Amino acid sequence: MYFPIFALRRSEIDEYMKLDHKEIESKWKEKWEASRLYAVTEDPSRSKYYVLDMFPYPSGSGLHVGHPLGYVASDIFSRYKRMKGFNVLHPMGYDAFGLPAEQYALDTGVHPADSTSANIERYRAQLDNIGFSYDWSRQVRTDDPAYYKWTQWIFLQLYHHYYDIAQQKARPVQELIRHFEVHGSEGVRASVSAEVNFTAQAWSAMKRLEQENVLMHYRLAYRKTGYVNWCEALGTVLANDEVKDGVSERGGFPVVQKEMMQWCLRITAYASRLLDGMDSLHWSDSLKSIQRNWIGRSEGAYIHFQIENHTDTSLKIFTTRPDTLFGCSFMVLAPDHDLVAVLTTPDRMEAVNGYREEFKSKSADARAAGQKTFTGTFTGAFAVHPVTGTRIPIWIADYVLKDYGTGAIMAVPADDERDHAFALQYQLPIPEIIDRSSVVDGTMEDRKGKLINSGFLDGMQVPDAIATMLDYLENTKMGTRSVEYKLRDANFSRQRYWGEPFPVYYDGEGVIHTMDPSTLPHELPALDDFKPSPDGRSPLARLKEWTEPQPGIHRETDTMPGYAGSSWYFLRYMDPHNPDHFASPEAIAYWQDVDLYVGGVEHAVGHLMYSRFWHKFLYDLGYVPTEEPFKKLINQGMIQGIVESLLMFKEKKDGRTHFISSELAAARNIPEDMLSKIPVHTQFVTAYGQPTSHLTDKGLEAFLLWRPEYSDAHFECFDYTFSAPSFAGAVFYTNSEVGKMSKRYHNVVNPDDVIARYGADCFRMYEMFLGPVEQSKPWDTLGIEGVSKFLKKLWSLYYNENGEWRVTPTEPTDASMKLLHTTIKKTAEDIERFSFNTAISQFMICVNELRKSEERSAHILTPLIQLIAPFAPFIAEELWEKSGNTGSVHSSDFPQLDAQWLVSTDVTYPVCINGKKRSEITLPVHSDTKWLEEQALQLPDVVKWMEGKSPKKVIIVPDKMINIVI
RNA sequence: GCCAGAGUGGCGGAAUUGGUAGACGCGCUGGACUCAAAAUCCAGUGUUCGCAAGAAUGUGCGGGUUCGAGUCCCGCCUCUGGUACCA
């Protein structure tokens, strides 16, 4: 009965005409690699364009569908720019040093050197699968000694420079030393940790160690003892941006304040330049505002207060509201302020010391937990009001921070919420100084109102009063204008193994010596036991022979943090194998800076801030030609997952687990706290992610097989209930919500699986089609079918159902030409403005139209391949070759727009009466407006709607619409 | 609290400078093909009223400017992100 041969033939034909993405992908991956298609070199005859992705740290779990979102976008952009004639640098590498890589190694017990290499291999394969156009010959990895040689070199440069405020740039410490030798500290304006004053003679009289300690206050990379964020679970200190809500960003472990000697980078020296530099950048408003808040500039003044019975010292405070000086009724110092010990009177000593002890033991996170009641105590000392001469009590309190401003404030309880609360609590006077009676909804601190009880400021509005007081303070030398920043210096030490060793050592006296740059890289020694220790000592300290290479010499055992290597990697890509420079001057002169940077917003205050800081420093030294490294920045959103769960009553009923369908739970308004959400693997769910997602009987069976602990469960739906194991024909609605893509929710979509099923081109296009690149959006497993269908339709424009090439060299129709050029215009515009989803929509329209009109002309179909090439590089390359073109479609020129095809001979105008569309009229383009008006007024529908009235005026928007006002 | 961004069908989202709101895709409904299913193709799909032609209404809420507002202005509400004693 059967005809096996015939059957075989049929399936062969089916296979042939079908789009076989696997074969196409492997074919072109090999060819591209063999021909080094994406390798770039400096070419002065062409304009450069630098497209950069934030390089990943190679974690063990590999890429999930969220990671490549930004990579796909930047790849489309790179390919487009290349076709537009730019010489495009589009590199990729790995952020291999640092906490994430090391934590992974610790979790798996594999040495980080081995695990990162294995992970990198996996990442590379996954990235290649997606069809990226990276120039892999330029790959960098931060744990490569040939790379971190230059990280160490930059560190040495930071160490050997200080920041000159007058010149607003970094200068060599050698210059500073020469100045000290001649003039002492007089006349030096520099960013410092602490002010020190000495004469030239005093400088010369200092011992070497003393001199070094002085210089430490100036160096851009320096050591200091201070309170740092110590994370015991991670066994290391962390920078401020690595701590969120009192716990470590990585791992979520508690972080406490601990006093330690640490390396720091003086990023504060660059605060104003980091702030001002942003004005010229094409970054999103939200990202700029995050950085601005983090830097936290405020303008104000220092004011000096004399202290009763202390002629040798005065109290310096910072305020943004000098106009409120007359309202100052007490002063507050941070409990750990240096002057506390000096000022406290004997009778208050006991109370003050007790308070300081209590303050120290209070953990940072208890304070962060947001107790709004302030505590404090009186020191017994009094300051003298600089204008009125009244006695002002000096207190200490925990609401004043040592490391902001001067660590001391003048309290103005009438115009500051905190001072007010504190004054009420300790019954301190609250002199009124601002009349807000004329200000609607006037509150404290809003800089509105009229000054009262304020001497020469009486009657002034707040902004005027501020200006007047600032002048007064400077004229009388009682204070100076000043700007303060919230930004803190960056902690640069990690008590960890997996990072760059510092190229420094200490001699017997504790003097720091830097290693000669020619001896770099200072390699990280092999160490089998790389576990961190809770005592604050680096694992390297356990390696005695390395730590102490000769008697009296001690190496630094801390390592650099993860952001060290990532703060300059974009420069290394310009010349990645250069042994003599971090990048040659010629390469830097050509590539300049990054034109487009794509990456996650989570690096807003970490990586992006540090990179800008390092770049500005290298600019000061003349190594890079631009002040800012990243001209344009796009923050891609995250791909979220749909979390599917079954609603379970927390309390068992009749000893059984009791599930309720989401529909019924909603209908009965069952309170959320009675239910637990049991995540269910998305592969069991039917119509997953859709409003009606549910488990069928098969899904329920699979679920119970997977979760045998629920095999006694009882399920309740709208019309019926059932119990395991008998639920034939059941439909049980799940609870679906948008959430993270995570192993915990069993909703992770692996790009490899998607690519295996739909192809890389489909994967790329779908990620873009989901919505704007910047936006976060859930992965919808059904939506990808639409893009898949589109690609099959595209393919069938070129191949008929017998697998025969159907493109002919015939002349195209005018309609097709118009369609093609509309698509060229739209594609180019959309790519330029990073709107890939709308470009893809246009492709869909174009392909559908061409199918309907059965267009076969190569004049249309060949340029179409080029338009789609940035999005679907594999399919495009295959079709390009089959069209008989030589060379790669990715090296071809982007199709030229011929605008004549966009102009149609007729335009259909909607005709509106008072803004409502009542009719329409088709007329030749560029018609005389008077004539247009006459034609429109004669339309029968218009005559009907006008009811004999005459028009007040007629508005004609050229080529858009006609509006008649009556 | 403060700073920034956003609110459009059942869903993801279009509408680039104020000019026919809902493109494109998903889902849904109906139909064709099929013994049947899948796949594919065709049609419909904001809401309300209507057999229909059609009409009214509609971009978080309330006002305003304009011939015309998703878009601009004023006042609210909600959500998301950042920040949290920053003087």
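Scope of the values below: all heavy atoms of this structure, side chains included, with no hydrogens, waters or symmetry mates. Sequence lines set the chain letters: A, B, ... in the order given, protein chains first and strands last, and positions in each chain run from 1. Just so it is clear, the model here is predicted, and its values are computed rather than measured.
- One cannot find a donor-acceptor pair under 3.5 Å joining the base of U40(B) and the side-chain atoms of K793(A).
- Between S835(A) and Y766(A), the residue whose closest nucleotide on RNA chain B is further toward the 5' end is S835(A).
- Here the nucleotide nearest the side chain of D780(A), chosen from A87(B), A4(B), C26(B), is C26(B).
- Regarding Q291(A), its CD atom lies at a distance of 12 Å from the P atom of U83(B), rounded to whole Å.
- Contacts of N963(A) with the nucleic acid, taken as non-hydrogen atoms under 4.0 Å apart, include base atoms.
- For A14(B) and G9(B), the C1' atoms lie 13 Å apart once the distance is rounded to whole Å.
- A side-chain donor-acceptor contact under 3.5 Å links D489(A) and T268(A).
- Under a cut-off of 6.0 angstrom, the local environment of CZ in R757(A) is sparse, with at most 12 non-hydrogen atoms contributed by other residues, nucleotides or ligands.
- Between the CG atom of L932(A) and the P atom of G19(B) there is a distance of 19 Å, rounded to whole Å.
- Comparing C79(B) with U8(B), their P atoms sit 14 Å apart, to the nearest whole Å.
- More than 12 heavy atoms of other shown residues, nucleotides or ligands fall within 6.0 angstrom of atom CD in E602(A).
- Heavy-atom distances to RNA chain B give each of I955(A) and N848(A) a nearest nucleotide, and the one nearer the 5′ end belongs to N848(A).
- With hydrogens and angles disregarded, no donor-acceptor distance shorter than 3.5 Å links the side chain of S788(A) to the backbone of I784(A).
- G9(B) has its base syn relative to the sugar, with a glycosidic angle deviating from 0 by at most 90°.
- Between T375(A) and Y426(A), the shortest heavy-atom distance links the atoms CA-OH, 3.4 Å.
- Checking G13(B), A87(B), C3(B) against the side-chain heavy atoms of K777(A) singles out G13(B) as nearest.
- Within 4.0 Å (heavy atoms only), P772(A) reaches sugar-phosphate atoms of the nucleic acid but no base atom.
- Other residues, nucleotides and ligands contribute only 12 or fewer heavy atoms inside 6.0 Å of the NZ atom of K818(A).
- L782(A) places its CG atom 11 Å from the P atom of A39(B), with the value rounded to the nearest Å.
- Taking the P atoms as reference points, G10(B) lies 13 Å from G60(B), given to the whole Å.
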Please enumerate all protein N or O atoms sitting under 3.5 Å from an N or O of nucleotides 20-23 of chain B, with distances to 0.1 Å.
| unit_1 | atom_1 | unit_2 | atom_2 | d |
| --- | --- | --- | --- | --- |
| U20(B) | O2 | K917(A) | NZ | 3.3 |

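- With distances taken from any side-chain atom of K789(A) to the nucleotides A4(B), U40(B), A87(B), the minimum falls on U40(B).
- Protein atom CH2 of W294(A) is 11 Å distant from nucleotide atom P of G82(B), rounded to whole Å.
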Nucleotide-level pairing of RNA chain B, given in dot-bracket where Watson-Crick and G-U pairs need both distances under 3.5 Å and | marks other strands: (((((((..(((......[....)))((((((.......))))))((((....))))..(((((..]....))))))))))))....
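- Atom CD1 of I964(A) is separated from atom C1' of G19(B) by 15 Å (rounded to the nearest Å).
- Across all strands shown, R918(A) has heavy atoms under 4.0 Å from sugar-phosphate atoms exclusively, and none from any base.
- Heavy-atom contacts from other residues, nucleotides or ligands closer than 6.0 Å to NZ of K825(A) number 12 or fewer.
- Evaluation of the side-chain contact (heavy atoms from CB on, under 4.5 Å) rule for I634(A) yields L596(A), V598(A), K632(A), V773(A), E774(A), F834(A) as partners, not counting sequence neighbours.
- Counting non-hydrogen atoms under 4.0 angstrom, K952(A) reaches nothing in the nucleic acid.
- For the pair R612(A) and W283(A), the cation-pi criterion (under 6.0 Å, within 45° of the ring axis) is fulfilled.
- Of the C1' atoms belonging to U59(B) and C72(B), the separation is 16 Å, rounded to the nearest Å.
- Put simply, the side chain of K486(A) never gets that close to the backbone of Y404(A): no donor and acceptor are under 3.5 Å apart.
- To the nearest whole angstrom, the two C1' atoms, one in G13(B) and one in C61(B), are 23 Å apart.
- Among the protein residues, S298(A) comes within range of the sugar-phosphate backbone only, with heavy atoms under 4.0 Å from sugar or phosphate atoms but none that close to a base.
- Contacts of Q775(A) with the nucleic acid, taken as non-hydrogen atoms under 4.0 Å apart, involve only primed sugar atoms and P, OP1 or OP2.
- For R833(A), the listed nucleotide lying nearest its side chain is A15(B); candidates were A87(B), A15(B), A4(B).
- Atom CD of E774(A) and atom C1' of U80(B) are 15 Å apart (whole Å).
- One interatomic measurement links the two molecules: CE of M844(A) to C1' of A14(B), which rounds to 13 Å at whole-angstrom precision.
- Among the atoms of the strands shown, none is found under 4.0 Å from any heavy atom of N240(A).
- Between the C1' atom of G13(B) and the CZ atom of F836(A) lies a distance of 16 Å, rounded to the nearest Å.
- When heavy atoms are screened at a 4.0 angstrom cut-off, L770(A) is found touching the sugar-phosphate backbone but no base atom.
- Between the side chain of Y302(A) and the backbone N or O of T406(A), no donor-acceptor pair lies under 3.5 Å.
- Rounded to a whole angstrom, the distance from the P atom of U29(B) to that of U20(B) is 33 Å.
- Ionic pairing of R292(A) and D279(A) is present here: one or more N-O contacts between side-chain nitrogen and carboxylate oxygen are shorter than 4.0 angstrom.
- Using a 4.0 Å cut-off, some side-chain N or O of K953(A) falls inside it from OP1 or OP2 of C67(B).
- Nucleotides U71(B) and U16(B), compared at atom P, are 13 Å apart to the nearest Å.
- Look at the C1' atom in both G22(B) and G46(B): the space between them is 8 Å, to the nearest Å.
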